[in-house]
2 protein chains.
Amino acid sequence: MSSARPTGGATSRGIAFSRPADCAQRQRVHGSCAGCEVRDIAACSAIPSRELHELEQLGGKIRLSPGTTLVREGDARTEVHTLVSGMARQVRLLPDGRRHVAGFLLPGDFIGFSAASHHRHSVEAVTESVLCSFSLPSVRRLRERYPDFDANLFEQACGELDKAGSYLTALARMTPVERLSAFLLHLSGRQHALGGRENHVDLPMTRADIGDHLGLTIETVSRTFSRLKQEGVLYFEHPHHIELRDPPRLRELAGL
Amino acid sequence: MSSARPTGGATSRGIAFSRPADCAQRQRVHGSCAGCEVRDIAACSAIPSRELHELEQLGGKIRLSPGTTLVREGDARTEVHTLVSGMARQVRLLPDGRRHVAGFLLPGDFIGFSAASHHRHSVEAVTESVLCSFSLPSVRRLRERYPDFDANLFEQACGELDKAGSYLTALARMTPVERLSAFLLHLSGRQHALGGRENHVDLPMTRADIGDHLGLTIETVSRTFSRLKQEGVLYFEHPHHIELRDPPRLRELAGL
DNA sequence: CGTCGAGTTGAGACTTGTCAATACCGGTGG
DNA sequence: CCACCGGTATTGACAAGTCTCAACTCGACG
């Protein structure tokens, strides 16, 4: 029986991704909920505008610079967060260094759907990011007081479960081309909904992040990108900024 | 660019798994909530005993024989369910026949965490099963009326998200041995909690089901079982009933 | 201009998937 | 009670795709 084979996982080659000191760079910043960038899309949109001052008292905003860690896998859960701007990734590390990026967080995403007492993933900023944080007890009180907020959270949790189901299928049964195509379409759609250019994708994360998300190596990610580029489906303005030149074909490749 | 390669997926060899007629075998049966087998573990445990008559009026029990379908992928969602006894599987089919088994449902499991209007998976009975069903509006009313029920559902949804995260990591970054080991430990633990023998696993599903769940082919599943058997980690009383002979070693193989 | 990290590309190894034959189990019918 | 039959599981040989290892390119930064 072969021992665990550290297949993939960017850190399996000896580079530690999570630098301990990075946690310290959390900075509290001020911000009013009324002018919040994600006021309309986040779960707290259910709270009436005239009562936002209460929210502001309970919550705090945190600014993270790229690569810094918001919460560390294994730490006790004390807060939940909503991403206000930027991009973050949820990361899990296996004992032997293999890495799994559970997902990329975009503005409006809620961080904190878990029944566990400790964090099951680290959360790291991919780009400069701002997050809104609430203590667990605060959230409990808000949920009791604002049923719509509670319902929003439940709805969003269900949406997360739907999304998880799609990723599960992708990882279990799809080829690299399908996985990457679906990933690009998904991200492009979300970024477009948030105000980005249609049929464009920003990929501020590294190829290792993408690979660790899709269950592939960086080389396979790179090769797959190259094939899609060569086919004319993708156009690279930059390795981190891609135009989807043939969305229908891409959807086809993604398995619809 | 190679076209989609139907790797794995039991149905990719031409056998249709979902037989249309199977839906018809749903049978409504009577049952009192007070004597329900999962009274203490299902979400509805939050509803006081003296008010169970209301539940009984809203809900209905359904008996499914092995292989029959409860809901079909793509159908409109009108009900939620709780598995009372037996085992069911959640299945998704890709256009070319590849199959993904999103999960196996055990007594107490809730079926219906989704933000979508249509079912994203089919649900099929693996063994003779009994389920409890409620219409979507009924559930909404129950959630409004019983905050503890609502909280239970939310908690269970969060637990599902935690579980999904583990599967995601397994599919993205783990070897066949690790996937199968973790699967057996997980299922064994759940079955033990439900009254099964410790360190024993019942596997009423086929190897194809297991493979389609773990992102492997039936051959790889079988070979992996054989290796674990040969190592003395597993003992086969039957292809569908396994004893875990060396749980510590199995945990080690599963990556803890 | 040199260095460093990230990304791309190439060649070969290895695991898993594919194809195919055989063994096994349960149910049916003689 | 036993032989037969269909579906399932196991095992083997081979092929294919991805991973591994390594060289090279590119761009940012000092």
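Note on naming: letters A, B, ... go to the chains in the order of the sequence lines (proteins, then strands), and numbering restarts at 1 for each one. Both backbone and side-chain heavy atoms feed into the values below; hydrogens, waters and symmetry mates do not. Please read these numbers as outputs of a predicted model, since none were measured by experiment.
Across all strands, B/Gly215 comes closer than 4.0 Å only to sugar-phosphate atoms, never to a base (heavy-atom distances). Residue A/His240 is in sugar-phosphate contact alone, with no base atom involved, counting any heavy-atom pair closer than 4.0 Å across all strands shown.
Taking only side-chain nitrogens and oxygens, B/Arg207 comes nearer than 4.0 Å to OP1 or OP2 of D/dT10. In this model, the phosphate group of C/dT8 is not approached by any side-chain N or O of A/Ser226 to a distance below 4.0 Å at OP1 or OP2. For B/Thr217, a side-chain nitrogen or oxygen approaches OP1 or OP2 of C/dG17 to under 4.0 Å.
Salt-bridge formation is not detected for the pair A/Glu178/A/Arg251: no Lys NZ or Arg NE/NH1/NH2 atom is positioned less than 4.0 Å from an Asp or Glu carboxylate oxygen. In this structure, B/Glu73 does not pair ionically with B/Arg120, as no charged nitrogen and carboxylate oxygen lie closer than 4.0 Å. Taking 4.0 Å as the cut-off between side-chain N and carboxylate O, A/Asp212 and B/Arg173 count as a salt-bridged pair.
Candidate nucleotides C/dG17, D/dC19, D/dA22 were compared by shortest atom distance to the side chain of A/Leu216, and D/dC19 ranks first. Here the nucleotide nearest the side chain of A/Pro176, chosen from D/dT10, D/dT18, C/dG7, is D/dT18.
Between the CG atom of A/Leu228 and the C1' atom of C/dT8 there is a distance of 15 Å, rounded to whole Å. One atom, CD of A/Glu237, and another, P of D/dG27, lie 15 Å apart when rounded to the nearest Å. B/Phe236 has its CZ atom 10 Å from the C1' atom of D/dA9, to the nearest Å. B/Phe225 has its CZ atom 16 Å from the P atom of D/dT8, to the nearest Å. Atom CE in A/Met205 sits roughly 11 Å away from atom P in C/dG7 (whole-Å rounding). Regarding B/His241, its NE2 atom lies at a distance of 16 Å from the P atom of C/dC25, rounded to whole Å. If you measure from atom CD of A/Glu219 to atom C1' of C/dC14, you get 15 Å, rounded to the nearest angstrom. Put simply, CG on B/Leu203 is 10 Å from P on D/dT10, counting in whole angstrom units.
Side-chain N/O atoms of A/Arg223 and base N/O atoms of C/dG10 include a donor-acceptor pair closer than 3.5 Å. The base of C/dT8 lies outside donor-acceptor range of the side chain of A/Arg227, with no N or O pair under 3.5 Å.
For B/Thr220 and A/Pro239, each mapped to the nucleotide of DNA chain C holding its nearest heavy atom, the one lying further toward the 5' end belongs to A/Pro239. Each of B/Lys229 and A/His238 lies near DNA chain D, and the nucleotide nearest B/Lys229 is the one positioned closer to the 5' end.
Cation-pi check for A/Arg245 over A/Tyr235 is met; the charged atom lies under 6.0 angstrom from the ring centroid and within 45 degrees of its normal.
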**Message:** Evaluate B/Gln191 against B/Ser188 for side chain to side chain donor-acceptor pair (under 3.5 Å), listing each step before the verdict.
**Reply:** CA-CA 5 Å; B/Gln191 290 182 340; B/Ser188 166; over 6 Å; no
